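Heads up, the thing below is written out as structure tokens.
Atoms considered below: every heavy atom in the structure, side chains included; atoms not considered: hydrogens, waters and symmetry mates. So you know, we letter chains A, B, ... as the sequences are listed, proteins then strands, and number each from 1. Everything numeric in this text was worked out from a predicted model, so none of it was measured.
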Amino acid sequence: MEYRHDAGLEDLCPVCGDKVSGYHYGLLTCESCKGFFKRTVQNNKKYICAENQECRIDKAQRKRCPFCRFQKCLHVGMRLEAVRADRMRGGRNKFGPMYKRDRALKQQRKALIQANGFRIESSPLLVSSTHQRDLTFTGGLHQVPILHSASLPAAQNDRISYQPQSLLLPSYSPAATQYQGTSFSNWTIKSERTNNCASSPGPAAGVGSDELHLRAFSPQGPRMPQLVMEFLRCDPDELQLQSKITARLVQEQTVWEKHGNLSTFSLMCLMADQMLFSIVEWARTSIFFKQLKVSDQMKLLHSCWSDLLLLDIISRQVLYGKEGSLLLVTGQEMELSDITSHAGPTLVSLVQRGQELVEKLHILKVDRQEFACIKFLVLFNSDVNQLEDHHFIESVQEQVEGALLEYTLCNSSHLLGRFAHLLLCLSELRSLSSLAEDYLYCKHLSGEVPCHNLLIEMLHGKRSWA
DNA sequence: TTAGCCTTGAAG
DNA sequence: CTTCAAGGCTAA
């Protein structure tokens with residue numbers, strides 16, 4: 001077959017690595033993944049993974065596990081909404097301008113590479129770098145916009161308008177229509193992906209690990225102890241986390257919708273649940289922790305899961321969030337005033353204290369490196385009872401403290417005071433997460449937390465360990 | 001079910 | 001008119 005997309009010649013399909021045949025459903029993919037994605041979405045197919053939902057997808061094995069293949073399609077950023085519900089053929093959709101921009105950028109990059117006389121291997125990371133999601137919410141009696149429109153300027157005049165749909169649920173699904181008129185029917189998602197590394201990232205745009213790597217060695221970058229570098233390496237990339245959790249929530253939601261409509265609170269629980277899975281995954285694959293016996297791993301995680309969850313939420317606000325709103329892991333934003341005006345006194349106080357902590361950390365200008373250290377500090381708590389490898393955990397704790405101290409001393413002007421402040425924030429975090437846990441447990445007892453999730457398991461776990 | 005090729009049709 | 005990303009068709 002003749003190749004018409006010269007700009008895409010060097011690109012490989014981000015799903016399976018096969019030859020790209022053009023833009024399909026949001027990005028450059030091969031013909032087979034295009035077809036697979038279309039069949040899956042159009043026929044509302046549900047797959048089950050026979051393994052551990054982490055099958056490798058490449059050209060040779062892509063047929064083996066459709067579940068993981070579809071997960072990967074969503075993960076790399078293929079767009080459900082680009083599959084037409086009415087099956088209309090031909091024409092152009094709202095992604096047209098985006099494809100055009102992307103093409104221009106690739107051209108630019110190519111020219112730059114040629115001009116500089118060097119080559120850069122094209123990586124999937126470059127193809128799907130920044131990924132902004134945007135959402136507005138009109139709930140119940142009130143018009144509550146929870147995310148600001150910073151979306152496609154071109155989309156505003158677009159022929160195809162966004163249909164009201166449930167959060168994360170693609171409009172093609174028949175279930176989305178069932179939602180019409182329910183309390184959750186008016187979530188609208190606006191999305192934009194810009195395939196440009198050079199463009200200024202959105203508020204939720206994390207720093208890719210490559211960039212961090214470069215920055216660590218750059219002369220003007222912060223001085224970085226070896227261990228801090230290692231912690232950063234373990235830290236998941238914010239954008240990858242965003243698309244992974246969004247993809248999982250899409251699947252979750254299709255399951256839950258069968259039981260009726262989801263409240264905002266329930267949805268937040270499902271989101272927290274997915275965040276917990278990611279936290280466990282992070283811990284399992286992290287330096288030091290992976291060397292522990294499973295029994296010790298369990299004890300540590302059971303003791304600090306809520307601290308880690310809260311730390312994850314808080315660090316996101318400090319690093320990428322903006323004042324007065326809550327940035328979710330999915331990249332969506334909620335106005336804090338909207339949350340507190342609909343919440344009870346306990347939640348209001350929790351949100352306020354959380355906000356104060358965010359403010360403190362913001363003033364201290366805590367960066368990703370320090371948050372990465374704090375996460376390890378939270379995880380390796382030698383005060384946990386009946387640890388088998390107590391000595392090792394204690395020594396890790398000391399090493400982390402040392403690394404954090406060294407880093408803060410080298411990179412801040414307030415010297416020791418700053419380190420002490422960070423530790424104070426850590427104790428505030430712990431007391432806050434403990435309150436949040438109690439709050440959640442009460443909600444669980446009153447039946448408001450969706451069942452069968454990791455969140456509940458952790459809530460019960462800690463109470464039986466105690 | 002997959003994946004390569006074909007047809008369609010709005011945008012430019 | 002051409003382009004090219006949608007959906008459709010069909011042999012393997």
Side-chain angles (χ1 to χ4, degrees), chain A residues 1-51 53 55-108 110 124 127-128 131 151-163 165 170-174 176 189-196 251:
Chain A
M1 188 180 136
E2 218 206 304
Y3 229 88
R4 282 187 302 212
H5 312 281
D6 52 340
L9 259 172
E10 69 274 47
D11 282 317
L12 298 177
C13 173
V15 180
C16 71
D18 200 354
K19 197 172 66 176
V20 154
S21 73
Y23 286 91
H24 304 296
Y25 310 107
L27 42 81
L28 288 166
T29 73
C30 69
E31 195 64 24
S32 71
C33 288
K34 164 200 154 189
F36 171 77
F37 190 76
K38 182 187 70 178
R39 287 193 301 275
T40 302
V41 177
Q42 279 183 337
N43 305 322
N44 198 16
K45 284 182 187 298
K46 294 282 177 284
Y47 308 113
I48 293 169
C49 176
E51 300 289 320
Q53 307 195 348
C55 306
R56 239 185 87 84
I57 304 297
D58 54 32
K59 193 184 172 189
Q61 305 187 68
R62 65 192 177 198
K63 281 194 265 193
R64 290 247 291 255
C65 181
F67 178 91
C68 291
R69 190 181 186 182
F70 188 59
Q71 286 290 107
K72 195 162 177 195
C73 286
L74 293 171
H75 185 85
V76 300
M78 289 183 83
R79 300 305 194 84
L80 295 161
E81 65 269 37
V83 179
R84 296 172 186 165
D86 59 4
R87 299 198 166 200
M88 192 194 76
R89 302 172 78 182
R92 288 280 189 276
N93 64 12
K94 71 188 170 71
F95 294 113
M98 185 177 92
Y99 296 144
K100 200 176 159 186
R101 270 205 306 276
D102 190 52
R103 227 177 246 121
L105 283 162
K106 279 189 201 308
Q107 205 65 49
Q108 223 172 48
K110 212 164 117 184
V127 176
S128 55
H131 198 152
S151 197
L152 289 174
Q156 285 161 4
N157 304 326
D158 202 271
R159 186 174 50 86
I160 302 161
S161 61
Y162 292 96
Q163 294 301 308
Q165 55 190 239
S171 56
Y172 71 88
S173 165
I189 296 178
K190 294 176 184 169
S191 306
E192 175 180 24
R193 52 179 306 114
T194 50
N195 298 336
N196 175 20
Q251 292 226 330

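With B:dA3, B:dG9, C:dG8 as the choices, the nucleotide that has an atom nearest any side-chain atom of A:Arg92 turns out to be B:dG9. Ranking B:dA3, C:dG7, C:dA6 by closeness to the A:Arg87 side chain, first place goes to C:dG7. Distances from the side chain of A:Arg89 to the nucleotides C:dG8, C:dA5, B:dT2 place C:dG8 closest. Checking C:dC4, C:dA6, C:dG7 against every side-chain atom of A:Ala82, the shortest atom distance belongs to C:dA6. In this structure, the nucleotide among C:dT3, C:dA5, B:dC5 sitting nearest to the side chain of A:Arg103 is C:dA5.
When each of A:Gly90 and A:Lys45 is assigned the nucleotide of DNA chain B with its nearest heavy atom, A:Lys45 is the one assigned upstream, toward the 5' end.
Considering only side-chain N and O atoms, A:Gln42 lies nowhere under 4.0 angstrom from the phosphate OP1 or OP2 of C:dA6. Distances shorter than 4.0 Å separate none of the side-chain N or O atoms of A:Arg79 from OP1 or OP2 on C:dA6. Regarding contacts with the backbone of C:dG7, a side-chain N or O of A:Tyr25 is found under 4.0 angstrom from either OP1 or OP2.
When rounded to the nearest whole Å, the span between CG of A:Asp18 and P of B:dG4 equals 6 Å. For the pair A:Arg84 CZ and C:dG8 P, the computed distance is 10 Å after rounding to whole Å. Here the P atom of nucleotide C:dA6 and the CZ atom of A:Phe37 are 10 Å apart, to the nearest Å. As rounded to whole Å, 17 Å separates atom P of B:dT8 from atom CG of A:Asp86. Here the P atom of nucleotide C:dC4 and the CG atom of A:Leu27 are 17 Å apart, to the nearest Å. The CE-C1' distance, from A:Met88 to C:dG7, rounds to 10 Å in whole Å. Following rounding to the nearest Å, A:Leu80 (CG) and C:dG7 (P) show an atom-to-atom distance of 12 Å.
Note: A:Arg56 CZ to A:Cys65 SG = 13.5 Å, rounded to the nearest 0.5 Å.
Between A:Phe70 and A:Lys46 there is no side-chain heavy-atom pair separated by less than 4.5 Å. The closest side-chain heavy-atom distance from A:Tyr99 to A:Leu28 is not below 4.5 Å.
A distance-only check finds a donor-acceptor pair linking the side chain of A:Asp58 to the backbone of A:Ala60 [under 3.5 Å].
Among the heavy atoms of the strands, none lies under 4.0 Å from A:Lys59. Using a 4.0 Å heavy-atom criterion, one finds that A:Arg39 contacts the bases of the nucleic acid, with or without backbone contacts as well.
A cation-pi arrangement is present between A:Arg69 and A:Phe36, with the terminal nitrogen or guanidinium carbon under 6.0 Å from the aromatic centre and inside a 45° cone about the axis.
Taking 3.5 Å as the limit, the base of B:dG4 and the side chain of A:Lys34 contain no donor-acceptor pair of atoms between them.
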